[in-house]
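Please read the structure below before turning to the comments.
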Amino acid sequence: MGIILAIILFSVIIIFHELGHFTLAKLNKIRVDEFSLGLGPTLIGKEIKGTKFSIKLLPFGGACMMGEDDAEDMSEGSFNSKSVWARISVIVAGPVFNFIMALIFSVILVAWIGYDAPVIAGVDEGYSAIEQGIKEGDVITELNGKKIHLWKEVTLFNLMNEGTNPVSLTYVRDGQERTVTLEPRQLEGDTFGRIGIRGSGTNVKAGALDSVKYGAYTLKYWVDYSFDCLKMLVKGQVGIKEMSGPVGIVDFVDNTYKEAAPAGWSVVILNLLNIATLLSANLGVINLLPLPALDGGRLVFLFIEAIRRKRVPPEKEGMVHFAGFALLMALMVVVMYNDIRNLFL
């Protein structure tokens with residue numbers, strides 16, 4: 001059952017991404033040849049108003065085929081016959097729709113279970129926080145100048161700070177804002193340097209407006225989380241062996257379902273919504289990276305065209321995207337190998 005739920009989850013997220021491209025293409029009167037879910041041979045297909053809607057054999061991936069790779073096609077309604085800004089709007093719409101989906105899921109989650117307010121629930125002896133007068137009930141508002149709205153942002157900050165660098169912490173107590181500088185310390189039993197504060201681990205209930213507000217903060221957290229994970233990968237703090245692809249994510253969703261199922265379907269749905277929020281936000285971030293073969297790579301060439309007011313030679317752009325696609329496929333093979341190997345460890 002968990003595997004089926006994982007496939008459904010992937011399908012919904014991918015469909016929504018491709019729906020972004022499809023919607024803006026239609027709004028710009030661009031011809032869409034095929035809108036498909038999955039990869040490989042077509043299982044089911046039907047043409048509606050000039051667009052073939054199909055389901056493919058492999059339940060991963062999807063496509064909104066607009067003939068964007070056919071640079072010679074300048075016929076009416078073709079992708080390349082439209083203005084550069086129309087084409088930019090179509091390409092950027094996929095990632096934007098992913099962020100919209102993640103926002104919707106975040107709002108639902110906050111409305112359902114509340115949000116983790118950045119309220120200090122405890123201060124440990126021997127650390128800098130207690131020496132600087134931090135107390136239980138203080139509300140953290142900034143860390144090193146970065147605005148804080150959720151306790152999970154505090155956790156992410158501590159992870160990225162690596163417990164070695166001084167921390168400028170701003171908090172509110174009795175309506176007054178104060179700022180202190182904390183020095184992380186690694187005491188006996190600690191795996192990394194700590195400043196000595198703990199969160200409550202409980203959520204604050206939210207009304208309608210706060211659900212939207214803190215849903216947006218939750219989306220921002222997942223976007224920051226995705227970027228921070230990429231930074232760790234670039235810095236070598238994590239390796240390719242620790243990356244997961246579709247196989248690893250399906251296994252994770254399956255395990256999550258098995259753990260949550262005994263508590264009832266409401267807990268299962270909550271967990272799936274949380275995973276879907278992360279995956280959708282992550283897909284939006286990844287697709288906006290300026291890498292060939294991704295939406296972000298196409299946007300780079302479109303913005304160059306907008307600035308130069310002249311198209312990059314299609315053959316040169318095609319070569320770059322082909323090379324990027326080949327590298328992306330090679331990475332996917334490595335990641336899939338790691339996923340399959342981890343299944344048997």
Side-chain angles (χ1 to χ4, degrees), residues 106 109-110 112-206 210-211 213-233 235-239 242 252 255-256 259-260 263 267 270-271 274-275 277-278:
S106 295
L109 282 167
V110 173
W112 194 340
I113 62 173
Y115 62 93
D116 55 329
V119 180
I120 296 174
V123 186
D124 297 331
E125 295 285 346
Y127 294 94
S128 185
I130 197 167
E131 295 172 1
Q132 293 296 326
I134 302 293
K135 295 181 179 180
E136 177 183 345
D138 290 345
V139 181
I140 300 173
T141 58
E142 289 185 20
L143 286 169
N144 283 357
K146 181 178 180 179
K147 295 291 184 181
I148 298 296
H149 306 95
L150 304 166
W151 184 264
K152 58 173 65 77
E153 292 176 312
V154 179
T155 304
L156 180 61
F157 175 87
N158 288 333
L159 174 66
M160 297 305 298
N161 191 53
E162 300 177 332
T164 57
N165 302 314
V167 177
S168 174
L169 184 149
T170 301
Y171 65 94
V172 173
R173 181 192 301 166
D174 299 327
Q176 292 188 337
E177 191 173 76
R178 309 175 189 186
T179 299
V180 295
T181 299
L182 307 178
E183 297 285 343
R185 294 174 188 168
Q186 187 171 352
L187 304 184
E188 185 178 354
D190 292 337
T191 56
F192 55 86
R194 299 180 57 228
I195 57 177
I197 59 174
R198 290 179 277 110
S200 65
T202 58
N203 285 350
V204 176
K205 289 295 182 181
D210 276 345
S211 294
K213 177 181 176 182
Y214 283 92
Y217 290 146
T218 301
L219 169 60
K220 179 181 178 298
Y221 163 78
W222 285 121
V223 170
D224 288 343
Y225 179 88
S226 298
F227 275 116
D228 285 339
C229 287
L230 289 170
K231 289 177 186 176
M232 293 174 70
L233 183 63
K235 291 180 179 179
Q237 294 171 294
V238 296
E242 296 171 90
F252 176 72
N255 290 333
T256 300
E259 292 175 4
V267 177
L270 281 171
N271 278 277
N274 202 45
I275 294 171
T277 303
L278 166 60

Subject >> Exercise: identify the closest heavy-atom pair between Ala260 and Val267 >> reply: CB-CG1, 3.9 Å

Subject >> Residue pair Arg198 / Val123: nearest heavy atoms and the distance that separates them >> reply: NH2-N, 4.0 Å

**OP:** Using salt bridge (charged side-chain N to carboxylate O under 4.0 Å, His left out) as the criterion, list what pairs up with Lys231, not counting sequence neighbours.
**Re:** Asp228

Original post:
Looking only at heavy atoms, which two atoms of Ser168 and Thr179 are closest? And how far apart?
Top reply: OG-CG2, 3.5 Å

Subject >> Contacts of type salt bridge (charged side-chain N to carboxylate O under 4.0 Å, His left out), residue Glu131, not counting sequence neighbours >> reply: Arg185

Original post:
Is there side-chain contact between Asp190 and Tyr127, with at least one heavy-atom pair below 4.5 Å?
Top reply: yes

Subject >> Test side-chain contact (heavy atoms from CB on, under 4.5 Å) applied to Leu109 and Leu270, Thr218, Asn203, the passing residue >> reply: Leu270

Original post:
Under 4.5 Å between any side-chain heavy atoms of Val110 and Tyr217, yes or no?
Top reply: no

**OP:** For Glu136, enumerate each residue passing the salt bridge (charged side-chain N to carboxylate O under 4.0 Å, His left out) test, keeping only those at least two apart in sequence or located in another chain.
**Re:** none

Original post:
Taking the side chain as C-beta and beyond, is there a heavy-atom pair between Asn144 and Asn165 under 4.5 Å?
Top reply: no

**OP:** Measure the CG-CG distance between Leu169 and Leu143 for me, rounded to the nearest 0.5 Å.
**Re:** 5.0 Å

Subject >> Distance, nearest 0.5 Å, that separates OG1 of Thr155 from CG of Asp116 >> reply: 7.5 Å

**OP:** Find out whether Lys220 and Glu153 are in side-chain contact, i.e. whether some heavy atom of one side chain is under 4.5 Å from a heavy atom of the other.
**Re:** yes

Original post:
What's the spacing between Tyr225 OH and Leu159 CG if we round to 0.5 Å?
Top reply: 8.0 Å

Original post:
Nearest heavy-atom pair of Gly215 and Ser106: which atoms, and what distance?
Top reply: O-CB, 3.3 Å

Original post:
Which atom names give the shortest non-hydrogen contact between Tyr115 and Lys205, and what distance separates them?
Top reply: CE2-O, 4.3 Å

Original post:
In Å and rounded to the nearest 0.5 Å, what is the CD to CZ distance from Glu142 to Phe157?
Top reply: 11.0 Å

Original post:
Hey, is Asp124 close enough to Arg194 for a salt bridge, meaning N to O under 4.0 Å?
Top reply: yes

Original post:
With a 4.5 Å limit on heavy-atom distance, are the side chains of Ile120 and Tyr171 in contact?
Top reply: no

**OP:** For residues Asp224 and Met160, determine if any side-chain heavy atom of one lies less than 4.5 Å from a side-chain heavy atom of the other.
**Re:** no

Original post:
Quick one: CD1 on Ile134 to CG on Leu182, what's the gap to the nearest 0.5 Å?
Top reply: 6.0 Å

Original post:
Between Glu183 and Ser128, what is the shortest heavy-atom contact and its length?
Top reply: N-OG, 3.1 Å

Original post:
Within a strict 4.5 Å, meaning less than it, do heavy atoms of the Asp138 and Ile197 side chains meet?
Top reply: no

